[in-house]
Colleague: 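Please find one structure pasted underneath; my questions will follow.
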Amino acid sequence: MSACVPARADSARTKHVHQPHSPPPHGPRRFRVAGADVSAAIAVFLIALPLSLGIALATGAPLQAGLVAAAVGGIVAGRIGGCPLQVSGPAAGLTVVTADLIQHYGWRTTCAITVFAGIAQLGLGCLRVARSALAVSPAIVHGMLAGIGVTIAVAQLHIVLGGTPQSSVPDNLVALPAQLANLHPADLAVSVLTLTLLLLWPRIPGRAGQVLGKLPAALIAVAGATVVAALTGLRLPKVDLPSWSSHALASLPDGPVLGLVAAVLTTTLVCSVQSLLGAVAVDKLVAARPSLTGRVKRSDLDRELLGQGAANIVSGSLGGLPIAGVAVRSSANVAAGAVSRNSTMLHGVLVVIAALLMVPALELIPLASLAALVMAVGLKMVSLNHILTVTRHREVLVYAVTTCGVVFLGVLEGVALGIAVAVGVALHRLTRTRITHDDTEGVHHVHVRGQLTFLAVPRLSRVLHQVPHGADAVVELDGSFMDHAAYETLQDWQKTHTAQGGSVDITGRRPGTRISEPAEEDGCRCRPWTPWRNHQCEHPPTAPPRGTDRQAATDGSPAGSLGTTTGPNAPGTKDTAGARGATGGSGAPDGPSGHELARGISAFHRNTGPLMRRELARLAREGQQPSQLFLTCADSRVVTSMITSSGPGDLFVVRNVGNFVPLPGEESGDDSVAAAIEYAVDVLKVRSITVCGHSGCGAMQALLGAEHGGARTPLQRWLRHGLPSLERALPDVDVDGDEQEQKQGPGRARPRLAGRGAADTAERLCLANVVQQLEHLRAHDSVARALDAGDLELHGMYFHVGEAQSYLLSEDAEGGVFELVRETNLTA
């Protein structure tokens, strides 16, 4: 048997090598569909079938048009589009536009408008302008979708009550009292049953809910209402699918040219924006699934426009509804485990089969059930989360105007109004600049809030000239933009004031807003951790001392100007701060370390404190509720809040030398780490624990160079907790101590980085240490209980300081592989 192993290895290594004139050893590659794609396609098909019929009903189009659009969107857009996992088809966001077109021009002309909109999308895709469509304010997009959702819900409410909707929202609202007085109990009962099933099906508790929840609620709601209506013999309007031989196709457009052009542009705009935003959202969903990393490429937005254009041309030609990317089906596709575009295409094939073979079953569906389903979809388009988001970003006016415009005027008119208001708000913010001046202990502070443009120059100049000659001045710029006129005004005043014996310190919260004096052109501009950052940048020796630092310079200590490192880590500086203490006898900061501490606290009080006060007050009232325990090294270069983009209340952090988790019950154990773990898991109920190692770890270096025979100092005794990690990384090393019994065999696979090998032995030990400490975590009783109950997850992480990149541990491969965390687009 052993003799066969080299032969198989050689054949595997040379299987692609063949003689120059001989045919390749393998035949043509066969088309294969992954099992995950098949199951995802079935799940999406079960959602798409009732929604497609319901959207067609809401637009007033033939019901078959919804099935045509669903099939074409899945097959054509799925094959050509640039977002592999996005599912396209008839979308609720197009309902109002399509219904308006059918009412004004008829169905056949609407199909022709769909074809021309697809041609326009092809042109936009060829011009590669897809990215520019994302420049539309999210408040406008969310407002447009909310307005469409309100319009859909109000119109479908009439069908739910057993009546017929009017052509506009005001007309529907006016006719609603009469409809309520003349409602049909059978239609209302079927609609209520549909909404009840739609609401309660995903909330079935227990193990039964986990099993039944895999079936889409939309399908269960419509199927349940259909079965009840059939068993009870209710007489009410149902789906009517005429023969495909009489299906209406597109014809030459008939109507005023300007009106048709506006209709094509409106359809193109809504289809394109919704599809592109959907593609960006799908990218975020894919990034959240580590198993898809490297398998599914990021969306090509220009190609996605080409795919949507081709699908609209085909759908319009075959008598189908306009097509766009659909968020509900796309998210279901990703959640169901799809791994390629085959799932989208297969779902389209299933729609074709259903449209041809399931007509008798589809004709049993009550129209009231479909109307209730679409009404629920419309109400979901008015998202409370979107409203809170635009309110937080002070764009609620844009959202409200767009929504009301779409509801009462139309989609194109509402979007145009939203764009106009958004431009007005942007101009208002650009011109709204607050400039204040105050005198604090002889230092004059000029605070500029907002953008500095030429419109603010007169006020800026007036306030600057209120600063007396020869005084110390600090100009704080709280904005991200300064035009040339404002820059020259500020620089001219700075030069004049300095020449008259004064000092000027111009600072900004954002990088690049600092204006240097002539002697400081090469000064450091590091933000936002300048008071603490150990970057070794100092102002030139000729720079004059300024503000409160003047006395420090006179005493012979380094100037503490912003951007200067004067702490114990600065080159040439003796580490004497710890011996002297942080404060002198007067209680004021004494020495470089205390000076930097005071500067950092002062900067927090001035800049960050006012912004965080409300949030910190809420946390003080409610107590801490962190979601993660983050256990990492005490190294000063590892800033947990920075590398995890977390804030107050997010992380419960434990730091020690080497990010060790001592095993419970050891003679040399450490109760402080165990106590933190127990408190985080049993009291705070954290949902995950992360052990984070990092490059250049001093503990790992010390572990490699230490003599393990005896432990005399506290540090040496503490490093004994890393001996199992040393054995895992270097199994041939002979280690003395109690941990000998945990020694791993030399054949055990070692943790590694994906895509490259470890840079050195120390990095290999860092990776092994993370894996080893995760094993130690599992030995703690509180962690073991939470893991068994499914309430806790363990994660391993490696942070490369020099590359500013993080790697997360994937234990799928033998030994564990640390995979680079990819960047995701968070702008949409």
Side-chain angles (χ1 to χ4, degrees), residues 33 37-59 61-81 84-92 94-95 98 111 114 215-223 226 239-244 247-249 275 278 307-308 310-334 336 338 340-365 369-370 373-374 377:
V33 180
D37 284 333
V38 174
S39 59
I42 295 174
V44 176
F45 160 72
L46 295 177
I47 297 174
L49 191 63
L51 281 177
S52 300
L53 293 171
I55 292 172
L57 173 67
T59 60
L63 296 184
Q64 288 172 319
L67 299 177
V68 171
V72 173
I75 299 173
V76 178
R79 179 65 185 88
I80 303 177
L85 300 188
Q86 175 162 252
V87 181
S88 301
L94 298 168
T95 302
T98 309
C111 292
T114 302
L215 295 175
L219 176 69
I220 295 300
V222 174
T226 302
V239 168
D240 181 18
L241 293 176
S243 172
W244 285 103
H247 179 62
L249 302 178
S275 299
Q308 296 293 333
N312 274 313
I313 292 174
V314 176
S315 179
S317 302
L318 297 180
L321 291 170
I323 288 173
V326 187
V328 176
R329 281 166 250 181
S330 300
S331 58
N333 191 37
V334 178
S340 71
R341 63 177 72 245
N342 291 334
S343 64
T344 303
M345 298 169 61
L346 183 58
H347 123 269
V349 173
L350 293 176
V351 172
V352 173
I353 296 174
L356 296 176
L357 303 180
M358 295 177 58
V359 173
L362 296 177
E363 290 183 336
L364 296 175
I365 300 175
S369 178
L370 293 178
L373 175 64
V374 177
V377 173

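Basis for what follows: all heavy atoms, side chains included, without hydrogens, waters or symmetry-related copies.
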Colleague: To the nearest 0.5 Å, what is the distance between CD1 (Ile80) and CE (Met345)?
Modeller: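 The CE atom of Met345 is 9.5 Å from CD1 of Ile80, to the nearest 0.5 Å.
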
Colleague: Within the structure provided, determine whether Leu67 and Leu362 are in side-chain contact (heavy-atom separation under 4.5 Å).
Modeller: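 Yes - at least one pair of side-chain heavy atoms lies under 4.5 Å apart.
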
Colleague: From the options Val351, Val87, Val349, select the one residue that forms a side chain to side chain contact (heavy atoms under 4.5 Å, CB included) with Phe45.
Modeller: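 Checked Val351, Val87, Val349 against Phe45; only one passes side chain to side chain contact (heavy atoms under 4.5 Å, CB included): Val351.
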
Colleague: Nearest 0.5 Å, please: how far is CG in Leu94 from CG in Asn312?
Modeller: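 So the gap between those two atoms works out to 8.0 Å.
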
Colleague: Would you find a donor on one side and an acceptor on the other, under 3.5 Å apart, between the side chain of Arg341 and the backbone of Gly78?
Modeller: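 Indeed, once roles are kept as given, a pair shorter than 3.5 Å links the two residues.
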
Colleague: Is there a donor-acceptor contact under 3.5 Å from the side chain of Thr95 to the main chain of Thr59?
Modeller: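 A pair under 3.5 Å: no.
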
Colleague: Find out whether Gln86 and Thr344 are in side-chain contact, i.e. whether some heavy atom of one side chain is under 4.5 Å from a heavy atom of the other.
Modeller: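 No, too far: nothing below the 4.5 Å cut-off.
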
Colleague: Which is it for Thr114 and Leu321 under the side-chain contact (heavy atoms from CB on, under 4.5 Å) test, yes or no, and what are the steps along the way?
Modeller: CA-CA 8 Å; Thr114 302; Leu321 291 170; over 6 Å; no

Colleague: Starting at CG of Asn342, measure out to CG of Leu85 and round the result to the nearest 0.5 Å.
Modeller: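 Nearest 0.5 Å value for the CG-CG distance: 10.5 Å.
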
Colleague: Roughly how far, to the nearest 0.5 Å, is the NE2 atom of His347 from the CG atom of Asn333?
Modeller: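 That separation rounds to 8.5 Å.
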
Colleague: Mark yes or no for whether Ser315, through its side chain, and Ala311, through its backbone, hold a donor-acceptor pair below 3.5 Å.
Modeller: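 Looks like no, no N/O pair under 3.5 Å.
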
Colleague: Any side-chain heavy-atom pair from Leu318 and Val72 closer than 4.5 angstrom?
Modeller: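 Side chain of Leu318 against side chain of Val72, heavy atoms only: contact under 4.5 Å found.
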
Colleague: Going from CD1 on Ile47 to OG on Ser330, what distance comes out if it is rounded to the nearest 0.5 angstrom?
Modeller: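 These two atoms lie 10.5 Å from each other.
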
Colleague: Hey, does Ile75 have a side-chain heavy atom less than 4.5 Å from the side chain of Arg79?
Modeller: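 Heavy-atom side-chain distance check fails, nothing below 4.5 Å.
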
Colleague: Would you say the side chain of Leu373 lies within less than 4.5 Å of the side chain of Pro50, judging by non-hydrogen atoms?
Modeller: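 Answer yes - side chains close enough.
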
